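Since the model is a prediction, treat every value here as computed from it, not as a measurement. Ligands are counted one by one from 1 in listed order, and the atoms in each one are counted from 1 as well.
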Amino acid sequence: MASYDGLVSTVLWAIFVIQVIEFSHSNASTNVSTNVRCIGAEREALLKFKHGLTDPSRRLSSWTGEECCKWEGVECNKKTGHVLKLDLHNPCIEEIDIKVFVPSNKCMLGGNIVPSLTELKYLKYLDLSVNNFSTQKIPTFFASLQKLEYLNLSHASFNGNIPRQLSNLSKLQYLDLSINFDMGYLTSNDFDWVSKLSSLKYLHMSGVNLSKVKDWIGCINMLPSLQSLGLSYCRLQDISSSLQANFTSLRFLSIGANNLSSIRPWIYNFSKLEHIDLSNEYDNVIAFVGIPYPFPTAIIENNQRLVFLDVSWNLLQGDFPKNLSSLCKLQFVRLNHNLLNGNISDILGDSLGCIQSKWKIFDVSDNNISGHLPNRFRDLKELEYLDLSLNLIFGSIPASLVELVSLRTFDLRNNKVSGTIPESIWQLSNLKQLLLGSNFLYGVVSELHFENLKSLIRLDISSNQLILNMSSTWVPPFQVREIDLSDCKVGPKFPKWLQTQGNITKLRMSNASISDDIPDWLYDIFSNIEVLDISSNMLRGQVPQDIGDKMPQLIDLILKGNNLTGGIPNSLCKLNRLNGISLSKNQLIPNCLLNMWAIWVLDLSDNEFTGRLPPFGPQFPELLVINLEKNRFVGGIPPQYCQLQNLQFLSLAQNYISGPIPNCFDGILSMVNVDDKTLFYMRGVDVMVNTKGTSQIFGNTLIYFYSIDLSANMLDGQIPEEFTKLVKLENLNLSQNNLSGYIPSNIGDLKNLESLDLSRNKLSGTIPPGISSMDFLSLLNLSFNRLSGPIPSSNHLQTVNNESVYRGNDRLCGAPLLNTCPGDEPPGSDGREGEYSKGDKPSEGDLDIRNWFYEGLGLGFMVGFLGFCSVLHFKGSWRVSYFQAMDKAIEKFSMTTMITMLWFKRTFPRCKKELV
Ligand SMILES: *[C@@H]1O[C@H](CO)[C@@H](O)[C@H](O)[C@H]1NC(C)=O
Ligand SMILES: *[C@@H]1O[C@H](CO)[C@@H](O)[C@H](O)[C@H]1NC(C)=O
Ligand SMILES: *[C@@H]1O[C@H](CO)[C@@H](O)[C@H](O)[C@H]1NC(C)=O
Ligand SMILES: *[C@@H]1O[C@H](CO)[C@@H](O)[C@H](O)[C@H]1NC(C)=O
Ligand SMILES: *[C@@H]1O[C@H](CO)[C@@H](O)[C@H](O)[C@H]1NC(C)=O
Ligand SMILES: *[C@@H]1O[C@H](CO)[C@@H](O)[C@H](O)[C@H]1NC(C)=O
Ligand SMILES: *[C@@H]1O[C@H](CO)[C@@H](O)[C@H](O)[C@H]1NC(C)=O
């Protein structure tokens, strides 16, 4: 089973594993001879080296005795007996999917690499890849292994600066230092040392921080034999386009996810490329901010030997490239997450190209591809991975799909496909992932559909109008790991066949019309489960006291919206992987809740909890979301909440909380620092359109990422000034309390605020003029207070200028209220007020915004963009599937620029349909 943390770097793994195909092994390898004698000094050196290492899986257990040439991973020269090759790469890699590989940390070597290694004077080949040397830097003494031709330290968690002394390795042909950021980070501040490695054929440093390297193209120009270059995720800077790359005999190029704002024109000079990877993805996020541009067809025209083409996440717009099918060697096609238009039956049905297509991976997800699936698929006999999700494909799923005989992954989620699922789908016997969620499919899904799907490990048919009808004796032929049946009609009985699915790690079956007792076996069978969401059914019963022992891997537990009884079992508090729990209809918060330090999301909303609010404090560094609304909590707000530095969402609404609001909320640093390294957005990875148009967190609508809602309580005292420091706040709701005093004068500092509700309190004084400068504000409610004086003129949104915003404040005056302020001129003399008083509607809010957006284009594309999107289009149109998002290891990328990227991701795709 996949290690959860490991899954995070899958994308990176995918990329690098695919490139392995190209350069499998160096010519340094020699035949192991049976009668060669090991040289004593070298044996001693190897033993010393072994003693420095940690080897929990005892991979080096053969390293005893005299014959060191026979030791695991050691190869000697047949004649001289000198050690030539040391290959200690980690062999434990698990294939999850055709493009997803996960290293297992079972077989990792670690510890220290001792200098005795330099005794191996004849060493040509050193491979320490996929191990864990996170405690150290790349040893400088590697530079004295003068004969080295092959050095592979990829995925080995080295950190620090790459020693420049490596430039001594003049015979080096293969240097692989890619993806070393599991623990630390490799960096290199210049590239002079690389330019001296004149024998290099293969240079891969993806993931190494090269942001300080200025002249990287110039240095690489000095490598006459270079054939393979991998510099993705290196934060390479955009360099002037006058610098030409002359290493044009390159066959392999991977240079995406840098700070290069588009595909650089010098790439057009290459003509021998077989592998092009310009993907700008980092963990489901676009890794740069730029302006859309058309697909550079020259890349296709010039490189007829192309096997691998990945230009995903590139803001490519315009028509889908037509000549793809002329590339007869092409196997891997990834154009996903762009803005390309096209018709899927032209793209997949196109028969003009090569006689025999070799496509293995075809991913065009998240574009503007429409049309219906072709009735005949071009000869795509080798296609294993077909991802069409997040497009506009309509029509039905043709029975001809079974022509794709090699298909292992079929992802059609989030399209507009209707009709029934053809029963013949059972013929796709290699299918591992069948993902049809969020379409308009209807009809019955029965056991006939699955008859031969023995390999199925992931099934998603959620959010359609499907009815599951399996006989009570059905035994599925498969062992799924992930299954999503949410919004299908599964019930009324709890599906019995799930009993046979002991390998499930994620079960989502929310809103599946099940009104039944939770079967006892559920907790026994799913002992590996990480995500259990059976919310919004009518399930009865109790959560067993020992759930924590039975499901020790739980990360998310979502049971709300049922009719469960009993309290939260204490055993849950033991689960150190638990990210979030969401329970319902319970009466008690167990004290142990305060031991769950690792929890990220706590949603106990809409229950019957009583007593005082649990005082979560600094011992909960991970807490991002606290939702305790709609309970019966009493007492004050614990000041400890101010020390939750990562908190981004706090709702205590609709309780009986009293007393003043603590004046320390500026301690919630995630809301204060504009450029902190808060990771919420980074975790908000899997943002998917839902055809029903909801944003969800635990089945609750998540409209704002940064939000404080204390409404409908009995809070009194003043609104603390400290709130105005929470500049990232998007929603502040303090309505329906007993707050008095003034609205803080610098409330206008909350520049990101989209919604501000202070209604139904006893606030007095005037409305601070700053309110009119809050550019994103689209919802404002100040009604039913004791405010007085003139209403500041605000010219950006009609919603803010509605009379109801100010109603119930007797002493307010000015537009949009009818009573004029003393000393003001009567309506009519001022153009704007005149329009109002004549009863004309002000111009449409979105027109205003649109103009503003286009004006913004010239000055700062991003700023205008964000405003446009977040005000008009964010609300309600996206679903953030919160928990898939919460892969912990994302923390390794803490660049502040990532925040911008994520912002971009958050807003851009939502808007693109309006833009093109
Ligand atoms: C380095 O090691 C990794 C993992 O073992 C492998 O995928 C990669 O192809 C190797 N690099 C070279 C140049 O052989
Ligand atoms: C290695 O040597 C053995 C015997 O010396 C021979 O049979 C075998 O073919 C050789 N293998 C290679 C790959 O040269
Ligand atoms: C690598 O080793 C460090 C400490 O030696 C440990 O904290 C970390 O979890 C290990 N990483 C992996 C992926 O095993
Ligand atoms: C690198 O090479 C130079 C000259 O060949 C030598 O003096 C130096 O010691 C070498 N450095 C290392 C770290 O081996
Ligand atoms: C590429 O340019 C460098 C100088 O920038 C030069 O030294 C090298 O010979 C050139 N290589 C080729 C193949 O033209
Ligand atoms: C889980 O899947 C593996 C194959 O990956 C299989 O061998 C094993 O029997 C399954 N476990 C259960 C409990 O079904
Ligand atoms: C919830 O369960 C209780 C008994 O356990 C029952 O009396 C009640 O009607 C149920 N509520 C609903 C809405 O079904």
Side-chain angles (χ1 to χ4, degrees), residues 2-9 12-29 53-57 73 85-93 95 101-112 125-136 148-159 172-184 191-192 195-196 198 200-207 215-230 242-250 252 254 266 269-270 272 275 888-889 891-892:
S3 122
Y4 189 77
D5 286 348
L7 267 172
V8 174
S9 45
L12 307 173
W13 272 86
I15 287 160
F16 103 82
V17 169
I18 284 161
Q19 61 201 39
V20 179
I21 296 163
E22 292 273 305
F23 294 85
S24 47
H25 274 102
S26 131
N27 51 13
S29 71
L53 299 179
T54 57
D55 177 19
S57 66
K85 177 168 174 178
L86 195 52
D87 179 358
L88 298 177
H89 80 272
N90 179 351
C92 309
I93 295 177
E95 182 185 352
F101 295 77
V102 177
S104 153
N105 49 16
K106 277 205 305 276
C107 319
M108 280 188 183
L109 299 175
N112 282 313
Y125 186 108
L126 178 60
D127 186 349
L128 299 175
S129 60
V130 205
N131 286 302
N132 185 357
F133 297 107
S134 56
T135 50
Q136 67 181 143
L148 222 49
E149 292 172 6
Y150 178 102
L151 178 60
N152 193 342
L153 306 177
S154 68
H155 295 262
S157 297
F158 284 105
N159 56 57
L172 207 60
Q173 296 178 23
Y174 296 85
L175 178 60
D176 196 340
L177 302 175
S178 45
I179 317 290
N180 264 294
F181 51 43
D182 280 349
M183 288 297 288
F191 242 28
D192 288 343
S195 66
K196 301 204 174 93
S198 54
L200 270 192
K201 291 180 182 164
Y202 180 106
L203 174 65
H204 280 217
M205 294 177 58
S206 290
D215 184 25
W216 55 277
I217 290 197
C219 292
I220 292 169
N221 274 342
M222 309 298 281
L223 306 174
S225 317
L226 199 67
Q227 294 189 0
S228 180
L229 178 65
S242 63
L243 236 169
Q244 288 298 322
N246 70 1
F247 41 98
T248 51
S249 54
L250 215 58
F252 181 110
S254 167
W266 50 260
N269 297 344
F270 293 88
K272 302 202 172 72
H275 182 119
K888 287 217 175 186
E891 295 172 37
K892 63 193 168 219

Can you list the steps and then say if Phe191 with Met205 is a side-chain contact (heavy atoms from CB on, under 4.5 Å)? CA-CA 12 Å; Phe191 242 28; Met205 294 177 58; 3.9 Å; yes
Please determine whether side-chain contact (heavy atoms from CB on, under 4.5 Å) holds for the pair Leu109 and Leu128, giving the CA-CA distance in whole Å, both sets of side-chain angles, and the decisive distance to 0.1 Å. CA-CA 9 Å; Leu109 299 175; Leu128 299 175; 5.7 Å; no
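The immediate protein surroundings of ligand 5, defined as residues with any heavy atom under 4.0 Å of it, consist of Asn221, Met222, Asn246.
Between Ala156 and Leu153 the shortest heavy-atom distance is CB-O, 3.5 Å. The nearest pair of heavy atoms linking Asn131 to Asn90 is OD1-CB, 3.9 Å.
In terms of modelled atom types and a separation under 3.5 Å, the side chain of Asn221 and the main chain of Cys219 share no donor-acceptor contact.
Each of the following atoms of ligand 1 lies closer than 4.0 Å to a heavy atom of Ser129: 2 (O), 3 (C), 4 (C), 5 (O). Of all the atoms in ligand 1, the ones that sit under 4.0 Å from a non-hydrogen atom of Ser154 are 1 (C), 2 (O), 3 (C). The ligand atoms of ligand 1 that sit less than 4.0 angstrom from a heavy atom of Val130 are 4 (C), 5 (O).
Heavy-atom separations between Gly110 and ligand 3 are all 4.0 Å or longer.
Between Phe158 and Phe133, the ring-plane angle classifies as parallel under the 30° and 60° cut-offs. By the 30° and 60° cut-offs, the orientation of the rings of Tyr150 relative to Tyr174 is tilted.
Inter-residue side-chain proximity for His204 and Ser228 is flagged as met; some heavy-atom pair is nearer than 4.5 Å. Side-chain contact between Leu226 and Leu203 is present, with at least one heavy-atom pair separated by less than 4.5 Å.
Looking at His89 next to ligand 1, no N or O pair under 3.5 Å apart turns up. Remark: ligand 1 and Asp176 share an N or O pair separated by less than 3.5 Å (distance only, no angle test). Here's the thing with Tyr150: one of its N/O atoms is less than 3.5 angstrom from an N/O atom of ligand 1.
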